[in-house]
Amino acid sequence: MKLRFWLLDINDAITEKGAEIHLWGLDDTANHILVVDKSFPPYFYLLLEDKADIKEVVREIEVKKSPDAVIEEDLERKYFGKPVKAVKITCRDPNSIAKNTNSLGKINGVKASLEDDIRYSFRYLIDNDVYPCGWHEIDVDKIEEKSDNKIEEIYVAKSHPRAIQKSSTPSLRILAFSIVCYSPKGSPKPDKNPVVMISTATSNGKTMQFVSEGSNDKKVIESFIEGIQTYDPDIIVGYGSNSFEWPFLLQRSKKLGIKLKVDRQGGEPHTSVYGHVSVTGRINIDFFDLSDEIEEVKIKTLENIAEYLGATKKADEMLIDDMDIPRYWEDNSKQSILSEYSLKKASTILRVGQNLLNFSMQLSYLVGLPPDQIGAAAVGFRTESYLIRQAYKIKELIPHRIERPYFPYKGATVLEPKPGLHGKTAVLDFRSMYPNIMIAKNISPDTYLESGEKNPYLGVYVAPEMGYSFRKSPPGFYNKVLSTLIEARDDIRDKLKNTDPKKTEYRVLDSRQRAVKIITNAVYGYAGWIGARWYVREVAEATAAWGRYTIAHAIDLAEKEGLEVIYGDTDSLFVLFDSEKIDRFIEDVQRDLGLEISANEVYERIFFTEAKKRYAGIFTDGRLDIVGLEVARGDWSEAAKRVQEGILEIILKGKIIQKATSFVRQYILDLREGKIPFSDLIIWKTLTRDVSEYVVKVPHAEAAKRLLREGWEVARGDKIGFVIVKGRGKLHERAVPYSIATYSEIDLAFYEEQQIIPAASRILSIFNVPIESLKP
DNA sequence: GCCACGACGGTACCT
DNA sequence: ACAGGTACCGTCGTGGCG
């Protein structure tokens with residue numbers, strides 16, 4: 001029979017009989033199904049020397065290969081654009097891939113093994129053009145046998161799946177969860193401390209809560225498992241769950257002698273690629289992983305993300321700090337507040353999840369990585385997964401990732417800004433400059449002409465400055481990929497124009513165009529990443545060089561039209577507004593450089609200091625836009641940022657310096673009088689390494705050490721919030737975690753001198769306001 | 001021993 | 001673990017200072 005299904009999750013199972021692929025999905029009628037495909041053998045390639053005698057090498061392979069391996073000559077493959085002699089070795093057992101790679105790789109005439117490092121389940125997706133979060137059709141037989149699997153039907157595949165065009169998403173059951181652990185002091189430890197509460201919120205509008213009696217938490221976990229199995233969610237979402245909830249529950253369960261059977265085949269969650277936690281048959285997503293897509297939010301707490309997305313009403317109305325949890329749990333009269341908080345957290349996670357799910361699924365569908373992996377995968381790996389799938393389509397062999405030394409290269413041009421306040425200003429930027437340069441100059445790993453190679457008949461593009469050459473023809477790998485992506489995005493944006501923004505379809509399309517944009521923009525960075533499989537430094541270097549050439553010529557053209565350029569960075573020029581000159585300039589650029597430039601932003605007024613990458617402007621509609629300055633940073637106190645923003649608003653709206661200075665003075669008076677709330681004095685900084693690895697004593701690392709001493713776990717990547725307290729000594733000796741410090745200890749003079757005054761004078765010094773006049 | 005100064009470590013931003 | 005360019009803070013070593 002034919003089965004149509006939407007792919008939810010894929011995993012492999014290695015048995016004595018060979019390898020199996022398990023495809024978990026939903027069929028047309030929303031039944032949960034499992035298709036077992038036993039007929040996809042793993043394989044790898046042997047790349048032969050150019051001069052090797054293929055017949056002779058094959059004879060040698062016959063002798064040395066494992067008995068289950070099958071040889072197939074594959075003369076169609078290319079490697080870095082060049083046709084190569086390759087032999088495909090197919091094995092019944094995925095475990096024999098490594099053995100064969102080792103023994104066959106040494107054969108005379110074999111240059112290298114390739115694609116032996118592609119995961120078996122990913123291989124299946126690539127070769128069959130199967131897409132997670134997409135619809136497929138497959139020939140299957142129904143299996144009647146009863147099993148523990150939490151699904152309605154099990155099938156065995158009689159063909160491989162074929163992707164079909166159908167854009168709808170089936171209705172999926174989502175479960176959000178969050179746990180509360182009780183540890184009298186410090187971070188909870190699964191071998192000592194119980195899970196006292198687990199709260200869930202589900203997409204059918206219900207919530208569940210499991211609370212322990214005393215510290216016996218066995219029942220809490222057991223009821224949670226039962227709750228999951230009963231609701232049987234397709235998607236489980238958490239916030240920080242890959243690093244906290246799942247590992248804690250797993251270890252705690254082990255300690256208590258129970259199995260955390262929450263997946264769809266009676267098994268436990270397990271850690272998999274990119275450090276994500278995989279729950280077989282379901283999609284497990286930790287939305288903390290996706291929070292760095294939201295750059296506007298600096299401190300990525302659930303509350304901040306939720307507030308930004310409009311997924312909660314009052315963000316910190318009932319926020320309980322981790323450090324205060326024991327006090328709530330220990331006090332019977334306060335326990336209900338804790339359980340209310342925990343439930344609210346689960347509901348907030350659900351709403352955040354529902355908000356970000358479209359985007360996750362679109363990115364997953366585009367890149368071709370399962371939705372539970374896509375959030376945890378770094379940008380480089382997302383880009384690479386996309387490239388790998390495209391490479392297969394054009395029969396390009398996939399290079400290994402190899403370790404290389406790092407050599408930096410020259411990047412973009414940044415112009416010196418003209419300091420001060422300017423009138424109406426247009427920002428002209430090149431549309432996708434790097435991708436379009438790579439297309440126009442056919443810059444790609446497979447078109448690069450090594451020095452010494454003779455020029456091809458059809459000619460080369462020679463990059464400025466270094467003179468690297470790239471074949472004009474045929475179109476390179478990156479050229480094809482980027483052209484497709486740019487076209488796809490244009491198509492989606494056209495559709496968006498004719499779609500009602502209130503419709504679901506609009507949100508899906510918008511998520512899709514965002515996903516396409518992210519991958520398009522990441523290709524240049526990927527090309528210069530030493531970890532990239534297709535790393536060719538000259539590719540990134542030549543692209544950057546053409547970029548510098550382009551912006552330099554654009555400046556010339558602008559000046560020839562009589563435009564005054566006041567700033568520019570990489571692919572943008574800020575010019576004093578003149579409609580006619582700008583129109584002519586845009587045409588000049590198109591004619592001379594073959595690239596599109598357009599005025600995407602017009603400021604009514606704009607302000608620069610002497611520094612690059614820092615400015616503030618006001619749009620015609622009165623909106624402020626503050627770039628690079630302290631207001632835009634997450635590592636300055638709210639107090640300093642508020643003062644700076646206030647000044648910028650006053651200046652951009654009316655340039656009344658007097659008003660700005662008295663605003664600063666008033667704020668400082670309020671500070672001195674203790675009127676500025678505690679939370680506005682917290683400074684947040686990321687711990688970018690293990691606390692022991694710091695060579696100099698820096699405030700946030702010293703604050704982190706204090707947390708460690710008090711039993712709290714801090715890890716690389718954590719944001720540490722601290723305040724500066726009164727006393728003698730260096731700053732780092734006075735940095736105290738905000739959760740430990742009290743208001744009366746705070747050194748308000750520090751905030752005046754080292755936070756507010758610098759942030760304020762950054763702006764006001766341009767108008768010659770002396771620092772002394774800022775102090776009351 | 002104290003101070004000014006510059007190099008350097010460290011973080012976060014911009015495109 | 002996508003790139004390079006940039007600003008800015010705090011720490012720390014160093015040389016001058018009788």
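Atoms considered below: every heavy atom in the structure, side chains included; atoms not considered: hydrogens, waters and symmetry mates. In what follows, chains carry the letters A, B, and so on, assigned in the order in which the sequence lines appear, proteins first and then strands, with residues in each chain numbered from 1.
Between A:Phe470 and A:Tyr448, the ring-plane angle classifies as tilted under the 30° and 60° cut-offs. Using cut-offs of 30° and 60° on the angle between ring planes, the pair A:His422 and A:Phe608 is perpendicular.
For the pair A:Glu384 CD and C:dA3 P, the interatomic distance rounds to 12 Å; values are reported in whole Å. The distance from atom OH of A:Tyr751 to atom P of C:dC9 is 16 Å, rounded to the nearest whole Å. Counting to the nearest Å, the P atom of C:dG5 and the CD atom of A:Glu541 are 11 Å from each other. We find that CH2 of A:Trp636 is positioned 8 Å from C1' of C:dC8, with the value rounded to whole Å. Computed from coordinates, the A:Trp534 CH2 to C:dA1 P distance equals 20 Å when rounded to whole Å. Atom NE2 of A:His700 is separated from atom P of B:dG9 by 15 Å (rounded to the nearest Å). Per the geometry, CD1 belonging to A:Ile724 stands 14 Å off C1' belonging to C:dT11, to the nearest Å. Computed from coordinates, the A:Ile606 CD1 to B:dC14 P distance equals 13 Å when rounded to whole Å.
Side chain of A:His700 to backbone of A:Thr686: a donor-acceptor contact under 3.5 angstrom is found.
Here C:dG10 is the nucleotide among B:dT15, C:dC12, C:dG10 with the atom lying nearest to any side-chain atom of A:Phe750. If you check C:dA7, C:dC9, B:dA12 against the side chain of A:Lys612, the one that comes closest is C:dA7. For A:Ala611, the listed nucleotide lying nearest its side chain is C:dC8; candidates were B:dC13, B:dT15, C:dC8. If you check C:dT11, B:dT11, C:dG4 against the side chain of A:Leu731, the one that comes closest is C:dT11. With C:dA3, C:dG10, B:dC14 as the candidates, the nucleotide lying closest to the side chain of A:Trp529 is C:dA3. Closest to the side chain of A:Lys410, out of B:dT15, B:dT11, C:dG5, is C:dG5. Listed candidates were C:dC8, B:dG10, B:dC14. Nearest to the side chain of A:Ala632 is B:dC14. Counting only heavy atoms from C-beta on, A:Val414 has its side chain closest to C:dG5 among C:dG5, C:dG10, C:dC2. Of the listed nucleotides (B:dT15, B:dA12, C:dG5), B:dT15 has the atom at the smallest distance from the side chain of A:Val627. Among the nucleotides C:dT11, C:dG4, B:dC13, the one closest to any side-chain atom of A:Lys730 is C:dT11.
Base engagement by A:Val379 is indicated by at least one non-hydrogen atom pair under 4.0 Å involving a base atom. Nucleic acid contact for A:Tyr567: none, since no nucleic acid atom lies under 4.0 Å from a heavy atom of the residue. A:Thr686 comes within contact range of the sugar-phosphate backbone alone, with a heavy-atom separation under 4.0 Å but no base atom that close. A:Tyr409 comes within 4.0 angstrom of the backbone, heavy atoms only, and of no base. Within 4.0 Å of A:Gly628, counting heavy atoms only, lie sugar-phosphate atoms of the nucleic acid but no base atom. Residue A:Gln754 is in sugar-phosphate contact alone, with no base atom involved, counting any heavy-atom pair closer than 4.0 Å across all strands shown. Counting non-hydrogen atoms under 4.0 angstrom, A:Gly525 reaches a base of the nucleic acid.
Note on A:Arg762: every side-chain N or O is 4.0 Å or more away from OP1 and OP2 of C:dA7. OP1 or OP2 of C:dC8 sits under 4.0 Å from a side-chain N or O of A:Arg614. Close to B:dA12, at under 4.0 Å from its OP1 or OP2, lies a side-chain N or O of A:Lys719. Checking the phosphate oxygens (OP1, OP2) of C:dA1, no side-chain nitrogen or oxygen of A:Tyr535 falls inside 4.0 Å. The shortest distance between the side-chain N/O atoms of A:Arg689 and the OP1/OP2 oxygens of B:dT11 is below 4.0 Å. For B:dT15, one of the phosphate oxygens OP1 or OP2 lies less than 4.0 angstrom from a side-chain nitrogen or oxygen of A:Tyr615.
Relative to the six-membered ring of A:Tyr535, A:Arg404 misses at least one condition, a distance below 6.0 Å or an angle of at most 45° to the axis.
Contact check on A:Glu396 versus A:Arg533 returns no salt bridge, with no Lys/Arg side-chain nitrogen under 4.0 Å from an Asp/Glu carboxylate oxygen.
Comparing A:Thr413 and A:Ala522 along DNA chain C, the residue whose closest nucleotide (by nearest heavy atom) sits nearer the 5' end is A:Ala522.
Between A:Phe607 and A:Tyr615, the gap from one ring centroid to the other reaches at least 6.0 Å.
Residues A:Phe359 and A:Ile518 meet the side-chain proximity criterion, which asks for heavy atoms closer than 4.5 Å.
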